[in-house]
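Worksheet for the structure shown next.
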Amino acid sequence: METKQEYWEGLAAGSFFLVATAAMMLVTLAILDLSGSDIAAQLNGWAGLAAAVLGAIGGLLLMVEAGNKTKAYLIVANPASMASKNAIMMTSVIALAFIYATFFFAFVPWAGLAGLRMMVAVLGIMAGLIAVMVPALELGEARGRAFWNSAALIPVFLITAAVTGMAAVILAAALMSVDGNAAIRIIDKVLLGFIILQLLSVWGYVRGMENSGAEEARRAAGNILHGDFKGCFWTGVIILGTVVPLALYLLAGTSVILIIKAVLLLIGGACFRNVFLQAAVRKVVPGEENEWYSREDIAQLAAALEKRWQEKAEVVCNERR
């Protein structure tokens with residue numbers, strides 16, 4: 001997907017967000033089941049299908065972003081590449097989420113095979129965690145974009161994905177009117193800790209890159225904190241996606257509060273993926289300095305061109321007189 005554009009497009013960010021959320025939804029649901037929670041029988045079927053659908057939509061967005069859809073199969077042609085590993089793990093999460101969900105519908109012939117269900121749950125946990133880490137490793141291979149070249153990107157991706165995954169499970173429970181279960185309340189408390197970790201890790205990562213020795217990393221951090229992406233970062237990630245949900249923990253955990261909190265966390269997670277992908281400017285290689293222009297350069301060129309056309313129009317009018 002790496003091309004010569006200065007910024008990545010939003011489709012890739014949407015894909016990363018949906019797949020990460022689906023993966024951690026699967027992990028959360030599987031842990032509920034393995035822990036023996038009684039809510040699994042009510043929640044995991046439909047929530048598992050929702051995870052599969054989210055992952056599938058994320059996969060479709062990535063196919064559109066990749067360009068030629070008829071040759072999308074080539075992405076798995078080289079299993080050694082991180083892009084192929086990402087596609088394989090994404091497909092695995094979608095398949096495992098769907099298969100796992102089928103165990104909770106009575107009309108499915110294998111619904112009563114508890115041992116097989118537990119095996120799929122364990123596989124789902126492993127696939128989900130790997131599916132969240134692989135994109136961070138894939139981004140880390142883009143040596144031209146120093147903003148991603150840090151091992152800290154992996155825990156940041158895991159923490160933010162855990163937040164959106166648990167938020168999605170809580171939202172599904174609230175919409176199915178089973179959010180009063182003790183297991184959901186426990187998830188909500190665990191989620192509080194992960195929101196705090198999200199605030200510390202995301203803020204620490206951006207500030208760390210702002211003080212990085214790489215110019216491209218500093219430019220990306222500057223774009224996030226003070227530039228083109230400051231609105232999405234401060235409003236979407238920090239305020240709506242972190243601070244407001246933390247404040248909502250001071251209120252009673254009613255169904256309405258849980259839904260509002262979950263929706264805000266999902267919005268924050270989407271903004272996070274968008275900011276971290278699109279803000280990472282790439283390094284210009286020697287001889288390529290003039291291949292593309294910044295927004296400011298384009299604006300200046302457009303103004304100069306407009307001024308030149310006006311001068312030419314005045315000359316033509318004077319000649320006609």
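Atoms considered below: every heavy atom in the structure, side chains included; atoms not considered: hydrogens, waters and symmetry mates.
Taking every heavy atom of both residues into account, Leu171 and Ile259 meet most closely at CD1-CG2, 3.9 Å. When all heavy atoms of Met24 and Ala162 are compared, the closest pair comes out as CG-N, 3.7 Å. Between Val134 and Lys85, the closest heavy-atom pair is CG1-C, 4.0 Å. Closest non-hydrogen pair, Ala167 versus Ala262, comes out as O-CB, 3.3 Å. The minimum heavy-atom distance linking Val275 with Cys232 is given by the pair CG2-SG, 3.6 Å. The two residues Met209 and Ala221 make their nearest non-hydrogen contact at C-CB, 4.0 Å.
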Arg273 and Ser15: side chain to side chain donor-acceptor pair (under 3.5 Å), yes or no, with the steps?
CA-CA 9 Å; Arg273 287 303 194 282; Ser15 174; over 6 Å; no
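Ring geometry for Phe103 versus Tyr100: interplanar angle of 30 to 60°, hence tilted.
Interatomic distance, Ile184 CD1 to Leu258 CG, rounded to the nearest 0.5 Å: 9.0 Å. Between Ile260 atom CD1 and Leu265 atom CG the span is 12.0 Å, to the nearest 0.5 Å. Atom CD1 of residue Ile125 and atom CD1 of residue Ile31 lie 5.0 Å apart, to the nearest 0.5 angstrom.
Figure legend: cation-pi geometry between Arg219 and Phe147 absent, as NZ or CZ is not positioned both under 6.0 Å from the six-membered ring centre and within 45° of its axis.
Partner of Arg185 under the side chain to side chain contact (heavy atoms under 4.5 Å, CB included) criterion, chosen from Ile170, Asp179, Val190: Asp179.
Ring pair Trp46/Phe105: centre-to-centre distance below 6.0 Å. You'll find the ring centres of Phe276 and Tyr205 inside the 6.0 Å limit.
Between Glu215 and Arg218 there is no salt bridge, since no side-chain nitrogen of the basic residue lies less than 4.0 Å from a carboxylate oxygen of the acidic one.
Atom CZ of Phe194 has 12 or fewer heavy atoms from other residues, nucleotides or ligands within 6.0 Å. Applying the 6.0 Å contact sphere to CE of Met119 captures no more than 12 heavy atoms from other residues, nucleotides or ligands.
Side-chain heavy atoms closer than 4.5 Å link hydrophobic residues (I, L, V, M, F, W, Y) into clusters, and following such links, possibly through other members, connects Leu32 to Ile99. Phe272 and Ile239 fall into different hydrophobic clusters, defined by Ile, Leu, Val, Met, Phe, Trp and Tyr side-chain heavy atoms under 4.5 Å apart, directly or through other members. Met176 and Ile186 fall within the same hydrophobic cluster, where Ile, Leu, Val, Met, Phe, Trp and Tyr residues are linked whenever their side-chain heavy atoms come under 4.5 Å apart, directly or through other members.
With hydrogens and angles ignored, the 3.5 Å screen pairs a side-chain donor or acceptor of Trp234 with a backbone N or O of Leu225. Looking at Ser201, its side chain does come within 3.5 Å of a backbone N or O of Gln198 through a donor-acceptor pair. Of the possible polar contacts, none joining the Ser37 side chain to the Asp33 backbone as a donor-acceptor pair under 3.5 Å is found.
In this structure, the side chains of Leu18 and Leu61 come closer than 4.5 Å at one or more pairs of heavy atoms.
For Phe233, the ring-ring contact (aromatic ring centres under 6.0 Å, His included) criterion is met by no residue, not counting sequence neighbours.
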